[in-house]
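Proteins get letters first, then strands, A, B, ... in listed order; numbering begins at 1 in each.
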There are 2 protein chains.
Amino acid sequence: MGTKRVTLAQVAELAGVSVMTASYTYNRPERVSDHARAKVLAAADTLGYAGPDPSARSLRRGSTRTLGVVMGEHLSYAFDDPEAVSFLAGIADVCAEQGYGMTLLPITGAADDVPRIHNAAVDGFIVWTTSDDDPVLTAVQATKRPAVIHSGPAVRGLELVSIDNRAAASAIGAVAFAGARRPAILSFPLSRARISTLTEGGNLGEITFPVTRDRLEGYRRAAEEAGFGWHEVVVAVCARNEAAEAEQVAATLLASARPPDAIAAMSDQQAAGVIRAARAAGVAIPDDLAVTGWDDAAVAEQLGLTTVAQSLREQGAACAHVALGQGRTVRTAAWSVVRRGSTRR
Amino acid sequence: MGTKRVTLAQVAELAGVSVMTASYTYNRPERVSDHARAKVLAAADTLGYAGPDPSARSLRRGSTRTLGVVMGEHLSYAFDDPEAVSFLAGIADVCAEQGYGMTLLPITGAADDVPRIHNAAVDGFIVWTTSDDDPVLTAVQATKRPAVIHSGPAVRGLELVSIDNRAAASAIGAVAFAGARRPAILSFPLSRARISTLTEGGNLGEITFPVTRDRLEGYRRAAEEAGFGWHEVVVAVCARNEAAEAEQVAATLLASARPPDAIAAMSDQQAAGVIRAARAAGVAIPDDLAVTGWDDAAVAEQLGLTTVAQSLREQGAACAHVALGQGRTVRTAAWSVVRRGSTRR
DNA sequence: CTGTTAGCGCCTTCAA
DNA sequence: TTGAAGGCGCTAACAG
């Protein structure tokens, strides 16, 4: 249709004032006389002008009042992980309060992720934890806009908001492995290849997810302090953070010749899968099998799961504050071990 | 710091080419000689140029390649509702596939919501169901950009993607109320005031949420076809769509002088609350109390809940397609009744 | 394949 | 309180 976009200039002309008066009407109404303001608004109304064009305004002002959020791999996976959703909610809280928009950047894992980062009209970025070698990190860095990474990796020039994963894993591992004879770990993937493996301790190859790396190191310390050699610890690496895969892996472990009697998982979702597998196999928790999770999600309380409590929502909010340059926020977040009935006393 | 933003013009100058050649290097690389392209990229690299500024590009091109999503009231509530999250995931699927960003607009319910809509640098809007009188609708309409409303209300000039809520309520109501003597309904709020009420059928006052209105009409038809007068039907209006509030309301109903023996709820979350209340009160399902939900969420299968199945994820995707002008999408979405053990045979 | 011109719509700066 | 000029950084439309 011929309905061209209405501009401020047209409004000003119809109102019989200069463009600047019209502009002030929207941006500094107090600096315009009531008379002029009324004329401008009337003209805007008859022309159907909905206010200054956001792109033009962003260009002129040098700021978009929008934060970009990168959730890793497939954007929609983010919505399948309840903890990721909490994290987003924390960002949303801050954005709503400050009048910022939040743009979720669609990442697919393919080569076109990088231009997508560059093309995002945002003032800063928040990046959900990823691998050391994720090209998204370089792309974000190249934009030179403020950016915060959640949980890692640490990248030069970018902020980091995280808990101390190694210390927390060490603490929860101590609870998980207490009184055990055959400790096992259910791990997140080691690298972006997301290969499932089952290793009897020892060398796991290269680990590029820093969160996985830190937690494994913490568990290792806990196992060693409980008197185990690292080679005695079974490490089952899952491709994804899902209850279903964890259940299957746990079932395999429990049916093996030397079934574990303690399993430390990296999420409550995984731990829930372990508990289902134990029930199906008739294995008693915690006597025959101690189980620990991570996050203290809703499911942890329902299942009486010993876990690491942390607030992803608060961490999301902290990331948003840092990305907005309100850096008074704590960058090292709090965690604690919550003991419930899934571990031995 | 003095580190001014690097512009394409500076890159071009350093590379010894015109600005257009530099621009083409980014937008139509195939139209530039290898030699020139290499020079431009080298210059960009030494200057630390990260590619064309997105705001300037949007202004020039007249398009932002971003969709705006309005989730109603407090943005972060959206993340607390699993069905809303599915809906967002559906939008995210399409955005990722088409290389669009999705901007979640921070809505607070206060007066500044309207300017926030106007200030959003987006090509189109998707609005999560709201009330007839929500000022956001007028604001979206005023932008003259393509917009889709999910579930309603229907607004002149805006698209609508929805199931037939009245027909679905009528169908599920027939199952819920079959063999019952005292039917009850657990309703979403009637208006943005979100007042909880308990009415013995009859006049509910003005209902401005079209989804609530349509479903109540459907339930009413089901009740009447089952031989009840509308005044015999208890309608408990909840302020929010939450299990906790529904549980409390259901507990009150079940403890009353004339407890219901059938409760049709407007969501699976609410129905889950009802089931908890029934268990606590020692009321047998379905014999003493039939319960129905809505959405066929994960919890419905766990609880054996009879419910209305619909895919919010698909509906989110459909909204995105329509907002992008790929209108070949079905605007009337599919639904079906899933019978499980929570209702009488 | 490369370059010139002319704005996109707005708001900061400066002057009246 | 109002206005005139200029340019934010980029790319469509057209030459060459």
Any donor-acceptor N/O pair, A/Lys39 side chain to A/Leu14 backbone, under 3.5 Å: no
Chain B footprint on DNA chain D, 5' to 3' - any atom under 4.0 Å from a heavy atom: D/dG9 to D/dC14
B/Ala50 versus A/Thr143, closest heavy-atom pair with distance: CB-CA, 4.0 Å
Neighbours of DNA chain C within residues 31-58 of chain B, by heavy-atom distance under 4.0 Å: B/Arg31, B/Val32, B/Ser33, B/Ala36
Nearest heavy atoms of A/His118 and A/Ala139, plus distance in Å: CE1-O, 3.6 Å
Closest heavy-atom pair and its distance - A/Cys95, A/Met102: SG-CB, 3.9 Å
Proximity of A/Phe87 and B/Phe79 rings by center, below 6.0 Å: no
Distance-only donor-acceptor check, side chains B/Ser63 and B/Asp123, under 3.5 Å: yes
Side chains of A/Ser191 and A/Thr208, donor plus acceptor under 3.5 Å: no
Start and end of the DNA chain C segment that chain B contacts, any atom under 4.0 Å from a heavy atom: C/dC1 to C/dG9
Under 3.5 Å side-chain donor-acceptor pair for A/Arg213 and A/Asn165: no
Sugar-phosphate, base or nothing in reach of A/Leu8, heavy atoms under 4.0 Å: sugar-phosphate
A/Asn119 versus B/Pro54, closest heavy-atom pair with distance: O-CB, 3.4 Å
Most 5' of A/Ala9 and B/Arg60 on DNA chain C, judged by nearest nucleotide: B/Arg60
Closest approach of A/Thr21 to A/Ala36 (non-hydrogen atoms, all atoms of both residues): CG2-CB, 4.0 Å
Pairwise 5' ranking along DNA chain C for B/Leu59 and B/Ser18, keeping only the more 5' one: B/Ser18
